[in-house]
Amino acid sequence: MSRRTSPVIPGFGLTLGYTLVYLSLLVLIPLGAMFVHAAQLTWAEFWAIISAPRVLAALKLSFATAFAAAVINGIIGTLLAWTLVRYTFPGRKVIEAMIDLPFALPTAVAGIALTALYAPSGLVGQFATDLGFKIAYTPIGITLALTFVTLPFVVRTIQPVLADIPREVEEAAACLGAKPLQVFRHVLLPALLPAWLTGFSLAFARGVGEYGSVIFIAGNMPMKTEILPLLIMVKLDQYDYTGATAIGVLMLVVSFILLLLINLLQRQIAKS
Amino acid sequence: MSSVTLSASASANAARRGNVLGRRLLIISAWLVFVLFLVLPLFIVLSEALKHGFGTFFGAIFEPDAISALKLTLLAVGISVPLNLVFGVAAAWCVSKYEFRGKSILVTLIDLPFSVSPVIAGLIYVLLFGAQGFFGPWLREHDIQIIFALPGIVLATVFVTVPFVARELIPLMQEQGTQEEEAARLLGANGWQMFWHVTLPNIKWGLIYGVVLCTARAMGEFGAVSVVSGHIRGYTNTLPLHVEILYNEYNHVAAFSVASLLLLLAVFILLLKQWSESRINRLKASAGEE
């Protein structure tokens with residue numbers, strides 16, 4: 001671990017050492033401890049915990065809503081980034097600054113605010129009630145909360161890339177007779193896709209683990225609107241540390257595999 | 001020949017007309033997203049908080065439990081942000097100034113807490129330091145309490161905010177390279193002089209930006225802190241947890257009043273962020289002109 005290129009600059013040993021010790025003590029060893037704790041279970045016991053219907057329902061709900069929110073943000077985020085980078089219009093600066101609000105706003109505040117808006121009697125929710133459906137206390141509400149919390153990811157990863165694509169490239173393509181959709185497909189898409197996927201996977205990973213904004217709007221009904229992080233919380237409240245650990249491991253492993261797949265896809269695109 | 005140019009200019013005109021329409025639609029939808037998704041939640045927090053006037057609003061904010069929650073939140077932020085600030089500078093230093101094997105793995109590990117659920121961040125510390133945890137018996141013998149106390153809250157907060165400062169600094173410092181530091185060294189500066197007089201002024205605004213993001217998250221962290229806090233009113237309740245307790249007691253006005261305090265802090269943080277970002281851009285622009 002020591003191929004320095006700049007021997008003049010001091011501090012390699014100090015900073016690397018500090019970084020490794022800090023990360024190990026605060027992140028790696030504690031996370032490792034969870035896996036050690038889970039390893040005390042036999043496979044059959046582990047399987048029995050994670051294949052319980054309530055766990056599977058929460059697993060499906062968490063990943064499905066996080067995926068849906070990431071897809072929605074993939075679309076809205078791209079359009080927003082495009083509008084903010086390419087057009088000047090009244091209020092652009094305000095919108096630009098406020099895009100990061102979901103990052104700055106504590107998730108519990110976002111949670112109660114969205115619940116107040118989208119509850120069946122809420123400011124927006126009453127319209128849904130009139131139309132005969134519910135937003136809060138359903139998976140739609142969970143997706144909505146996750147979409148809010150992860151809104152900045154796609155916008156912020158795409159914006160710099162979009163700003164770097166010279167407009168001339170698109171104009172040249174258009175002058176050569178390409179239709180707008182063709183320009184998008186052949187010029188913009190290949191350039192944007194890697195950044196888009198990064199934003200998508202950040203939003204997805206955050207959505208799977210999100211807790212604070214979801215629990216207020218979800219209703220938290222077992223089997224129906226109970227997300228995986230909440231289930232860990234429920235097990236902890238019952239002092240079922242083993243159950244909580246098994247679910248935690250399951251969650252980490254599934255997210256890790258999905259992020260790895262997205263990463264592979266990204267490399268595939270970069271190659272071609 | 002002329003018919004070709006004619007049809008080309010006609011299609012260019014059509015494209016332009018399409019562009020204007022598309023442009024308007026996009027700007028309108030950006031406004032819609034902004035109003036419906038970002039402004040409306042802010043509005044509802046403030047309007048619910050002030051539903052019964054300023055009296056109840058200030059009553060909820062200056063209530064002793066709310067004050068002690070505010071103090072605890074500030075204390076947790078005050079400890080965890082400096083820790084991650086020092087870590088962020090050290091991590092960014094070794095990642096951006098040197099080449100070594102395993103660097104990309106190190107960067108992945110720095111980012112790892114972003115993809116771990118906050119609830120899991122709390123859980124791992126309970127497994128280590130809780131009554132039934134690895135160090136539980138030892139801690140009890142020595143009468144040290146970590147879980148359901150301040151140290152646990154700080155640990156959980158540090159965990160979820162580990163990457164923020166490092167993440168902002170790494171790209172910035174990579175872009176700046178090592179020439180200025182090398183020059184300082186050759187002119188006889190020692191390591192600390194080089195850092196204080198050359199590196200720090202260069203990364204100042206990026207550092208502030210990272211600290212602002214880190215503070216926002218530390219102040220608002222809910223899931224991780226919720227696991228390790230034990231929710232003891234007046235003792236281990238942070239502001240976001242206090243909001244939850246009030247809300248679950250159907251004391252909605254008080255919950256939204258305390259929430260609006262957090263909201264004002266969030267807006268203040270956004271302004272700080274915008275300011276440091278514009279300074280970074282100005283620096284970049286002036287560097288480009290040189």
Side-chain angles (χ1 to χ4, degrees), chain A residues 1-6 8-12 15-16 18-19 22-23 26-27 30-31 33-34 37 76 79-80 82-83 87 89 91 95 97-98 100-101 103-110 112-114 116-117 123 148 174 180 205 209 211-212 229 232-233 236 241 244-245 248 251-252 255 259, chain B residues 15 18 23 26-27 29-30 33-34 37-38 40-41 44-45 48 87 90-91 93-94 97-102 109 112-113 115-120 123-125 127-128 132 134 158-159 162 178 181-182 185 191 216 219-220 222-223 227 240 243-244 247 255 259 262-263 266 269-270 273-274:
Chain A
M1 257 205 176
S2 56
R3 267 195 296 137
R4 320 184 188 185
T5 49
S6 189
V8 195
I9 295 184
F12 177 72
T15 53
L16 182 68
Y18 184 73
T19 306
Y22 190 89
L23 272 183
L26 280 161
V27 179
L31 273 178
M34 186 174 74
H37 193 94
I76 297 181
L79 294 178
L80 264 177
W82 174 271
T83 314
Y87 305 137
F89 56 95
I95 298 182
M98 285 279 285
D100 285 318
L101 178 75
F103 281 169
L105 194 67
T107 50
V109 179
I112 62 170
L114 291 173
L117 283 173
L123 204 57
F148 175 83
Y211 176 76
I232 295 180
M233 215 61 164
L236 275 174
Y241 291 115
T245 309
M251 212 170 138
L252 273 190
S255 321
L259 291 180
Chain B
R23 181 197 152 108
L26 280 174
I27 292 174
S29 34
V33 170
F34 171 65
F37 225 53
L38 298 173
L40 217 49
I44 199 88
V45 170
E48 291 284 313
F87 166 76
W93 185 268
C94 71
K97 303 287 179 196
Y98 311 97
E99 285 304 322
F100 54 91
R101 233 180 307 167
L109 288 180
L112 186 64
S115 38
V116 174
S117 171
V119 174
I120 293 180
L123 168 69
I124 56 180
Y125 290 116
L127 292 179
L128 278 181
Q132 304 172 17
F134 287 101
V158 168
F159 182 98
V162 159
T178 55
E181 276 90 356
E182 277 161 359
R185 286 289 282 168
M219 169 191 96
F222 181 78
V227 175
V243 170
E244 185 203 17
Y247 190 83
L262 285 167
L263 180 120
I269 279 170
L270 275 186
K273 193 203 73 108
Q274 201 62 20

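Everything quoted here is computed from the prediction, not taken from an experiment. Just so it is clear: chains get the letters A, B, ... in the order the sequence lines come, proteins before strands, and each one is counted from 1.
With chain A as partner, the option from B:A30, B:C94, B:P113, B:S115 having the largest number of non-hydrogen pairs under 4.5 angstrom is B:C94. Your options are B:G220, B:A216, B:A90, and the one with the most heavy-atom pairs under 4.5 Å with chain A is B:A90.
Residue B:I27 touches chain A through both its backbone and its side chain, counting heavy-atom pairs closer than 4.5 Å. With a 4.5 angstrom heavy-atom cutoff, B:E244 touches chain A via backbone and side-chain atoms both. Using a 4.5 Å cut-off between heavy atoms, B:L262 contacts chain A through both its backbone and its side chain. Within the 4.5 angstrom heavy-atom criterion, only side-chain atoms of B:L112, from C-beta onward, approach chain A. B:V158 touches chain A through its side chain: at least one heavy atom from C-beta onward sits under 4.5 Å away, while N, CA, C and O do not. With a 4.5 angstrom heavy-atom cutoff, B:L40 touches chain A via backbone and side-chain atoms both. Contact annotation for B:L38: both backbone and side-chain heavy atoms come within less than 4.5 Å of a heavy atom of chain A. Looking at B:F37, both its backbone and its side chain come within 4.5 Å of chain A, counting heavy atoms on both sides.
Of the listed residues (B:V45, B:V243, B:I44), just one forms a side chain to side chain contact (heavy atoms under 4.5 Å, CB included) with A:I112, and that residue is B:V243.
Looking at heavy atoms from C-beta onward, B:W93 lies out of side-chain contact with A:T19 at the 4.5 angstrom threshold.
Put simply, CD1 on B:I120 and CD1 on A:I232 are 4.5 Å apart, with the number rounded to the nearest 0.5 Å.
Using cut-offs of 30° and 60° on the angle between ring planes, the pair B:Y125 and B:F159 is perpendicular. Ring pair B:F222/A:Y211 is parallel by interplanar angle, where below 30° counts as parallel and above 60° as perpendicular.
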